[in-house]
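The sequence lines fix the lettering, A, B, ..., with proteins before strands; numbering per chain opens at 1. These numbers come from the heavy atoms of this one structure, side chains and all, not from hydrogens, waters or symmetry mates.
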2 protein chains.
Amino acid sequence: MAKSVANLSDVATLAKVSKSTVSRVLNNKLGKGFSVTPEVKERILKVIEELNYKPNLIAQDLTKQRTRMISVLGGAHALSDLGNIYQTVLNNITNILDSAPGGFDVIVDMSHHPDGSSEIPAWRIDGAIVLARCSDETFEELEQRNVPYVVVNGTGRAKGASVVPDDIQGMKLAVEHLVKLGHKRIAYASAPLGHLIGHSSIEERHQTYLAEIKKLGLAVLDGHDKLFTSAEDYLKSVIYQNKATGIIAYGHMNALNIMQAAHFLGISIPQRLSLIAFCDKGATDIMSPGLTFMDLQSKQMGEIAANLLLDMIKETDCERKQVKIQEQLVFRDTTSSPEN
Amino acid sequence: MAKSVANLSDVATLAKVSKSTVSRVLNNKLGKGFSVTPEVKERILKVIEELNYKPNLIAQDLTKQRTRMISVLGGAHALSDLGNIYQTVLNNITNILDSAPGGFDVIVDMSHHPDGSSEIPAWRIDGAIVLARCSDETFEELEQRNVPYVVVNGTGRAKGASVVPDDIQGMKLAVEHLVKLGHKRIAYASAPLGHLIGHSSIEERHQTYLAEIKKLGLAVLDGHDKLFTSAEDYLKSVIYQNKATGIIAYGHMNALNIMQAAHFLGISIPQRLSLIAFCDKGATDIMSPGLTFMDLQSKQMGEIAANLLLDMIKETDCERKQVKIQEQLVFRDTTSSPEN
DNA sequence: TCACTAGGTCCTGTCAAAAGG
DNA sequence: CCCTTTTGACAGGACCTAGTG
């Protein structure tokens with residue numbers, strides 16, 4: 001099935017014109033000192049139709065030095081965790097880049113590049129979005145090749161912009177929410193094992209919990225500094241021994257586990273225990289009752305990241321911005337005043 | 001920042017050899033009637049190192065008529081539903097294609113192509129994996145361009161291969177499981193709203209439920225033919241009015257909702273109600289107690305799909321295979337003999 | 001045979017220039 | 001000489017066949 005696809009020359013030959021004329025007609029360069037007789041235009045379009053000719057994108061990319069492809073890196077975690085924020089982020093990034101003038105193809109690279117070997121085809125893409133993080137080599141590559149990139153929920157190198165949620169402000173709000181409801185004994189359920197190690201959210205939420213609780217003269221309860229493993233053990237320690245009435249959970253998976261364990265142990269939510277977690281709306285859909293949560297604003301994060309990237313692609317000498325997004329409390333059914 | 005990247009000519013000039021020689025050294029064509037003095041080779045490699053030269057993939061693609069890119073279509077649902085099987089499918093596809101001789105880049109196209117306009121860069125990829133389905137135009141394009149493709153959990157057109165779970169066999173097994181445990185009143189919870197409309201699984205599971213139940217002389221219970229919306233309403237109807245002791249659920253989301261509603265209504269699982277659903281292991285991780293499920297074998301589906309695709313890429317005249325995968329019962333904690 | 005190179009090829013986009021009136 | 005319509009040559013970067021000394 002040799003060369004089943006027609007190319008520009010084929011069209012030109014059949015339409016009895018030169019390749020340039022065909023090219024011009026296709027790229028509508030009519031205003032710019034170029035014109036065609038309607039007759040010729042018609043003829044060319046007819047041949048194109050007949051041959052079902054489509055310009056070869058690879059050749060086009062080569063001449064234009066531009067691929068209109070944007071790569072999303074770190075797809076591994078974007079797809080692994082259930083209900084994490086990256087799905088929302090990704091959807092919103094895609095929406096915007098898609099409908100940008102000219103249109104960009106958003107591509108999620110799923111290949112598990114062996115650690116240490118950067119294999120992003122950096123010279124094949126016009127820009128990149130990094131979800132939380134990528135390998136050092138990859139960052140190196142992006143920087144060297146001057147590929148515009150934005151890190152979402154994480155930080156990059158010198159030339160990269162970033163969009164992160166303001167976890168310090170968020171944790172303050174979470175603590176404040178519970179305190180206002182009347183809670184005095186507030187615990188923190190830290191990030192579960194397997195979560196991105198070293199991610200800034202882990203440190204920031206934890207430290208801010210400690211700082212706020214101390215500032216308010218409340219008791220720091222056990223368990224905040226342990227990796228979250230068994231929700232049942234955690235509840236036994238925190239509720240039975242430490243008499244907590246409220247828990248702030250690192251993420252939605254903690255919250256889910258806690259809710260299930262609470263059911264099992266007969267601890268009613270929110271009567272006996274108030275629960276709040278950091279996540280986005282999407283994650284709470286799998287839970288009932290409706291979880292009170294600190295909204296990480298993943299939709300906004302995606303939108304802002306996409307627009308930053310577009311700016312950077314448009315003007316190469318754009319300043320590298322670091323955007324911090326305010327988190328927002330969504331008050332639902334898992335928090336209330338303590339029983340007593 | 002004009003042309004910050006070096007190309008083959010630059011290397012050739014600096015190493016004082018011709019472009020061909022550089023190309024050959026890079027592509028290790030030494031056996032095939034080509035040779036270099038170690039000295040020259042050394043020199044070239046040094047220059048490459050200095051300039052940090054990397055071949056331009058686009059140009060490479062153009063000459064080789066091959067991109068080593070594989071596109072995954074239908075990424076929209078792969079990322080939307082929580083815990084669906086496509087995540088597992090995708091991971092396994094990626095693993096295999098990644099480590100195939102030569103290595104393929106797996107790319108998930110996330111762009112929401114406006115309905116009706118096929119915009120897959122078919123002439124830019126070496127093959128495609130379709131998750132469940134894609135637009136008619138896209139199928140048309142794949143067929144016309146002779147792009148090898150495999151549909152996972154769905155069927156394609158003439159030239160496409162496919163891998164699907166055997167839902168008929170699976171449903172038979174599910175019914176058999178409950179019957180063996182002693183259940184006589186078995187209900188079916190159909191696909192929820194928003195699920196891929198017209199997907200063969202919907203029809204096959206439903207019809208097989210009806211056929212099997214009738215064959216065994218049992219009662220077909222209400223609700224099997226309605227779209228699944230409120231789990232609470234469903235349980236009230238099926239358990240209270242229809243006295244069901246077992247439910248076979250279309251998918252993990254139904255099962256999750258049913259479990260939560262059962263908790264709420266005080267219906268204990270598995271004592272009062274046995275529950276089984278079609279899904280894969282990944283989805284059950286968010287549930288407790290451990291769900292008994294019909295394993296759709298998503299890992300296998302991915303592996304088989306990837307290997308089929310590799311075969312099709314290797315030999316274009318490969319027959320279009322339609323693989324059906326046997327489902328497997330995983331017996332856990334949500335099914336048991338009925339109380340009475 | 002060894003060690004290497006010139007120049008055509010893949011395909012499209014663009015510019016200077018030429019043809020036709 | 002001007003205006004409109006059309007064209008040939010070349011760039012873009014790597015690969016490969018045929019060929020030189």
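Within the nucleic acid shown, A/Val17 comes within 4.0 Å of sugar-phosphate atoms alone, with no base atom in reach, counting heavy atoms only. Using a 4.0 Å heavy-atom cutoff across all strands shown, B/Asn27 reaches sugar-phosphate atoms only and no base atom.
Within the structure, a side-chain polar atom (N or O) of B/Asn7 is placed less than 4.0 Å from OP1 or OP2 of D/dG13. Within the structure, a side-chain polar atom (N or O) of A/Ser35 is placed less than 4.0 Å from OP1 or OP2 of D/dT5. Contact annotation: B/Gln60 reaches the phosphate of D/dC15 (side-chain N/O to OP1 or OP2, under 4.0 Å). Taking only side-chain nitrogens and oxygens, A/Thr21 comes nearer than 4.0 Å to OP1 or OP2 of D/dT7. Contact annotation: B/Thr63 does not reach the phosphate of D/dA14 (side-chain N/O to OP1 or OP2, under 4.0 Å). Here A/Tyr53 does not reach the OP1 or OP2 of C/dC11: none of its side-chain N or O atoms lies under 4.0 Å away.
For the pair A/Val40 and A/Gln65, nearest-nucleotide mapping onto DNA chain D gives the more 5' position to A/Val40. Both A/Lys19 and A/Pro38 lie close to DNA chain D; mapped to their nearest nucleotides by heavy-atom distance, the more 5′-ward contact belongs to A/Pro38.
For the pair A/Arg66 CZ and D/dG12 C1', the computed distance is 14 Å after rounding to whole Å. A/Arg24 places its CZ atom 14 Å from the P atom of C/dA17, with the value rounded to the nearest Å. Atom pair B/Leu57:CG and D/dA14:C1' shows a separation of 11 Å (rounding to whole Å applied). Remark: C1' of C/dC4 and NZ of B/Lys16 are 17 Å apart, rounded to the nearest angstrom. Between the P atom of C/dT12 and the CG atom of A/Leu51 lies a distance of 12 Å, rounded to the nearest Å. Rounding to whole angstrom units, CD1 of residue A/Ile58 and P of D/dA11 are separated by 22 Å. Distance NZ (A/Lys64) to C1' (C/dC15): 16 Å, rounded to an integer number of Å. Distance CG (B/Asp61) to P (C/dT9): 21 Å, rounded to an integer number of Å.
Checked by atom type and distance alone, the side chain of A/Asn92 never pairs as donor or acceptor with a backbone atom of A/Glu303 at under 3.5 Å. Using a distance-only test at 3.5 Å, with no hydrogens or angles considered, a donor-acceptor pair links the side chain of B/His199 to the main chain of B/Asn153. Between the side chain of B/Thr138 and the backbone N or O of B/Cys134 there is no donor-acceptor pair closer than 3.5 Å.
Closest to the side chain of A/Ala59, from the set D/dT6, C/dT12, C/dG13, is C/dT12. You'll find that the side chain of B/Thr37 is closest to C/dA3, out of D/dT7, C/dA3, C/dT5. Minimum atom distance to the side chain of A/Ser20 is reached by D/dG8, of the listed C/dG13, D/dG8, C/dC11. Among the nucleotides C/dT12, D/dA14, C/dC10, the one closest to the side chain of B/Leu62 is C/dC10. When distances run from any side-chain atom of A/Phe34 to the nucleotides D/dT6, D/dC15, C/dC15, the shortest one goes to D/dT6. Candidate nucleotides C/dT5, D/dA14, D/dT6 were compared by shortest atom distance to the side chain of B/Leu8, and D/dA14 ranks first.
Under a 4.0 Å N-O distance rule, the pair B/Asp10/B/Lys19 does not qualify as a salt bridge. The residues A/Glu39 and A/Arg43 are annotated as not salt-bridged, no charged nitrogen and carboxylate oxygen being separated by less than 4.0 angstrom. A salt bridge is defined here as a Lys NZ or Arg NE, NH1 or NH2 lying under 4.0 Å from an Asp or Glu carboxylate O, and B/Arg145 with B/Glu141 meets this definition.
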